[in-house]
2 protein chains.
Amino acid sequence: MSDVARLAGVSIKTVSRVVNDEPGVHPATAERVLAAIDQLGFRRNLGARNLRRGSSTGTIGMVLEDVGNPFYSGITRAVEEVSRQHGRQVLTGSSDEDPNRERELALEFCARRVDGMLVVPAGMQHGYLVPEMRAGMPVVFLDRPAGDVVADTVLVDNIGGTVLAVRHLASHGHSRIAFLGDAPDIFTATERLRGFREGCVRAGIRYDEELVSMGPHDERSVADALRRVLGNRQPATAVVSGNNRITVHLLRVLAGRTDRPALVGFDDFELADLLNPPITVIAHDASAIGKAAAELLFSRLDGDGSPPRRVVLPVRLVPRGSGEVRP
Amino acid sequence: MSDVARLAGVSIKTVSRVVNDEPGVHPATAERVLAAIDQLGFRRNLGARNLRRGSSTGTIGMVLEDVGNPFYSGITRAVEEVSRQHGRQVLTGSSDEDPNRERELALEFCARRVDGMLVVPAGMQHGYLVPEMRAGMPVVFLDRPAGDVVADTVLVDNIGGTVLAVRHLASHGHSRIAFLGDAPDIFTATERLRGFREGCVRAGIRYDEELVSMGPHDERSVADALRRVLGNRQPATAVVSGNNRITVHLLRVLAGRTDRPALVGFDDFELADLLNPPITVIAHDASAIGKAAAELLFSRLDGDGSPPRRVVLPVRLVPRGSGEVRP
DNA sequence: GGCAGTCATGACAACGTTGTCCACTGCCGG
DNA sequence: CCGGCAGTGGACAACGTTGTCATGACTGCC
């Protein structure tokens with residue numbers, strides 16, 4: 001900046017005035033300054049600016065499980081969109097379900113003085129965020145609630161979703177329904193299992209633990225689980241899958257078989273409608289989650305001091321065929 | 001920091017020494033300082049630190065087309081991974097193919113003093129980056145080359161890919177092959193078209209402009225284009241699709257028809273193998289692109305001053321069925 | 001001509017941190 | 001008893017900006 005000032009023959013403060021569009025600079029002077037800026041390729045240092053002004057850094061942080069997963073990248077996209085409208089950039093990091101990594105990323109973002117943070121919790125302990133939150137940094141948790149702090153949270157109706165799935169399958173005559181879910185330390189997994197159980201009760205079906213297999217799941221473990229529930233003395237005639245990845249594994253395993261059980265998957269996914277049979281899913285909108293969470297975050301940044309909110313977004317069953325099979 | 005110093009009864013410099021693990025602090029003193037830090041929830045301001053040290057900001061910027069697109073989110077994930085190994089955070093932004101937005105994002109990242117930048121070009125003019133590059137900021141372009149600057153670039157073998165696709169279809173007896181590509185101002189689109197043409201020549205097939213439709217494409221325009229090439233006096237018996245989104249649109253359009261042409265799609269996508277018929281694709285690895293680009297960037301940051309490189313990653317044809325149909 | 005009132009500009013401090021350099025305390029050997 | 005040395009701690013400047021306030025040159029008016 002002082003280089004620019006020297007070249008334009010003005011003081012550094014005048015350059016500052018020009019780059020900040022402050023009034024009170026003679027047009028001819030401004031012209032000279034702009035020319036100098038252009039010639040030197042000067043770009044003001046936002047870090048220094050933020051330091052001096054004590055103002056926001058213009059960034060928000062986002063910790064999620066895996067940007068590579070279409071579900072989370074959909075969320076990311078929506079968050080980016082809302083952030084743009086509010087003039088903020090987004091720092092992202094993937095935790096890979098590792099609580100330490102989540103913590104590391106979140107604290108790193110704090111040190112960078114993000115204006116706010118969106119977190120898809122990997123672990124159950126979030127006490128480490130309390131000092132920041134007390135210092136005024138808003139945090140919104142997405143997809144899963146925080147372990148041990150009260151904070152804004154955006155969830156989908158996990159329980160309602162699996163209740164719907166079971167009801168749907170039961171209404172098509174299934175009474176032996178299996179559930180393949182994610183690892184039980186993941187909030188959404190246990191909620192969906194709970195909904196599954198509740199759905200069984202409401203539909204008057206016996207809840208059979210032998211038909212439940214909780215992850216972590218890869219293709220092989222899904223194959224094993226499927227073999228088990230289908231090879232049972234009283235085999236399952238339908239399966240509810242706990243998330244999009246498990247559904248995909250399941251589809252790949254089922255591709256080789258002829259005795260395909262009915263299937264309802266939690267989470268919608270691209271091309272589900274073009275498979276044979278098309279896959280019935282519990283759909284919810286990833287971008288809606290991102291949008292709701294980001295908007296909640298920005299309302300906090302705009303001074304909304306109301307008590308922490310818990311937003312639960314609705315899910316809907318999209319019947320496509322795979323769940324309408326009769327046993 | 002001065003609060004911490006006051007609470008611990010030391011000078012602010014001593015606190016600095018403690019947080020930086022500098023030698024020359026009495027263990028008992030360090031203990032007191034750490035306790036004070038913990039009690040106050042102090043987190044050092046990385047912005048100020050970087051300003052003072054004139055060191056790297058520990059961030060890299062990444063401008064891409066749309067994080068929500070699985071192809072780019074795969075790249076993002078790989079970039080994140082490599083960046084983590086090099087101790088950097090990643091700022092991302094989606095340009096939506098808008099050159100102005102790309103420029104805006106890139107300059108914003110520059111103002112934040114990112115250590116380096118990865119750019120999927122939306123436009124053809126990148127002169128605006130020259131000052132930064134001259135000032136030592138490495139930039140690597142991905143998926144498409146920069147318009148008017150010489151710089152590191154990571155591409156896939158677009159031409160080779162469509163040549164392969166045409167050869168494959170021709171070897172199954174097709175001689176009337178259509179090409180549905182993206183907008184011609186997108187580098188990959190014209191390259192793939194060029195490969196298509198070249199493939200026709202090599203296979204001894206007549207290249208017929210009436211069978212080519214360049215986008216931008218949505219589902220409706222794909223349907224129109226398909227109707228045109230199939231309704232031709234000499235209808236196409238096979239289609240090459242120019243990218244994953246066009247392929248998906250095409251699949252949705254084709255779902256209703258019985259006279260399905262053979263199909264080879266550029267870009268692999270999840271579940272392509274589970275469709276009926278399974279979709280033959282020109283596959284390349286999104287994460288390999290991200291990894292290669294990020295590693296190139298970090299090698300520049302580590303001082304590699306060799307001339308700009310152009311890395312072209314191989315593609316391969318994955319035969320699955322949709323391309324093996326006979327006319 | 002003098003005086004208030006504008007306008008354009010600049011000097012200086014401060015943001016939170018760290019590097020440099022100096023000062024103090026003991027303690028040792030001569 | 002003193003000089004020097006090792007081990008500590010602190011004062012101060014600087015990073016690149018911007019907010020505050022002061023300065024100086026003009027203008028218009030009595």
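Below, read A as the first sequence line, B as the second, and so on, with proteins coming before strands; counting in each chain starts at 1.
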Please confirm whether any donor atom in the side chain of [X] sits under 3.5 Å from an acceptor in the base of [N], or the reverse.
X: B/R44; N: C/dG16; result: no
X: B/R52; N: C/dT18; result: yes
X: A/R17; N: C/dG10; result: yes

Gap between atoms [atom1] and [atom2], on [X] and [N] respectively (whole Å):
X: B/K13; N: C/dC21; atom1: NZ; atom2: P; answer: 13 Å
X: A/E31; N: C/dA8; atom1: CD; atom2: P; answer: 15 Å
X: A/D21; N: D/dT17; atom1: CG; atom2: C1'; answer: 16 Å
X: A/R6; N: C/dT9; atom1: CZ; atom2: P; answer: 19 Å
X: A/R112; N: C/dG16; atom1: CZ; atom2: P; answer: 18 Å
X: A/E22; N: D/dT20; atom1: CD; atom2: P; answer: 10 Å
X: B/I12; N: C/dG16; atom1: CD1; atom2: P; answer: 9 Å
X: A/N45; N: C/dT17; atom1: CG; atom2: C1'; answer: 14 Å

Discussion item. With salt bridge (Lys or Arg N to Asp or Glu O under 4.0 Å) as the criterion, how do B/E80 and B/R84 come out once you've worked through the C-alpha distance, each side chain's angles and the decisive distance to 0.1 Å?
Written reply: CA-CA 6 Å; B/E80 211 184 67; B/R84 185 158 92 88; over 6 Å; no
Check the phosphate of [N] against [X], side-chain N and O only, distance under 4.0 Å to OP1 or OP2. Yes or no?
X: A/S16; N: D/dT18; value: yes
X: B/N50; N: C/dT17; value: no
X: B/T14; N: D/dG10; value: yes
X: B/R53; N: C/dT18; value: no
X: B/T29; N: D/dG9; value: yes

As a test of reading the structure: which of [options] is closest to the side chain of [X], going by heavy atoms?
X: B/H26; options: D/dT8, D/dT17, C/dT18; value: D/dT8
X: A/R49; options: D/dG16, D/dG9, D/dT18; value: D/dT18
X: A/L51; options: C/dT17, D/dG16, D/dG10; value: D/dG16

Worksheet item: Mapping B/V25 and B/A48 onto DNA chain D by nearest heavy atom, which one lands closer to the 5' end?
Response: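 So the residue in question is B/V25.
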Item to complete: Let me know, please, whether B/G54 or A/N20 comes out on the 5' side of the other along DNA chain D by nearest nucleotide.
Response: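 Here B/G54 is the residue nearer the 5' end.
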Practice prompt. Working to the nearest 0.5 Å, report the span between OG of B/S306 and CZ of B/R300.
Written response: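 Answer rounded to 0.5 Å: 4.0 Å.
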Practice prompt. Just say parallel, tilted or perpendicular for the rings of A/H86 and A/F298, cut-offs at 30° and 60°.
Written response: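 If you compare the ring of A/H86 with that of A/F298, the planes turn out parallel.
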Discussion item. Considering every strand and a 4.0 Å limit on heavy-atom distances, what is the contact class for A/L46: base, sugar-phosphate, or nothing?
Written reply: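 It contacts nothing in the nucleic acid.
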Fill in: Backbone of B/L64 reached by a side-chain donor or acceptor of B/S95 within 3.5 Å
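Flag set: sc B/S95 to bb B/L64 pair under 3.5 Å.
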Item to complete: Say whether, by atom type as modelled, one donor and one acceptor occur between the side chain of B/D96 and the main chain of B/D66 under 3.5 angstrom.
Response: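 Side chain of B/D96 to backbone of B/D66, a donor-acceptor pair under 3.5 Å: no, none is there.
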Fill in: salt_bridge(B/E97, B/R144) N-O dist < 4.0 Å
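Judged by the 4.0 Å cut-off on N to carboxylate O distance, B/E97 and B/R144 do form a salt bridge.
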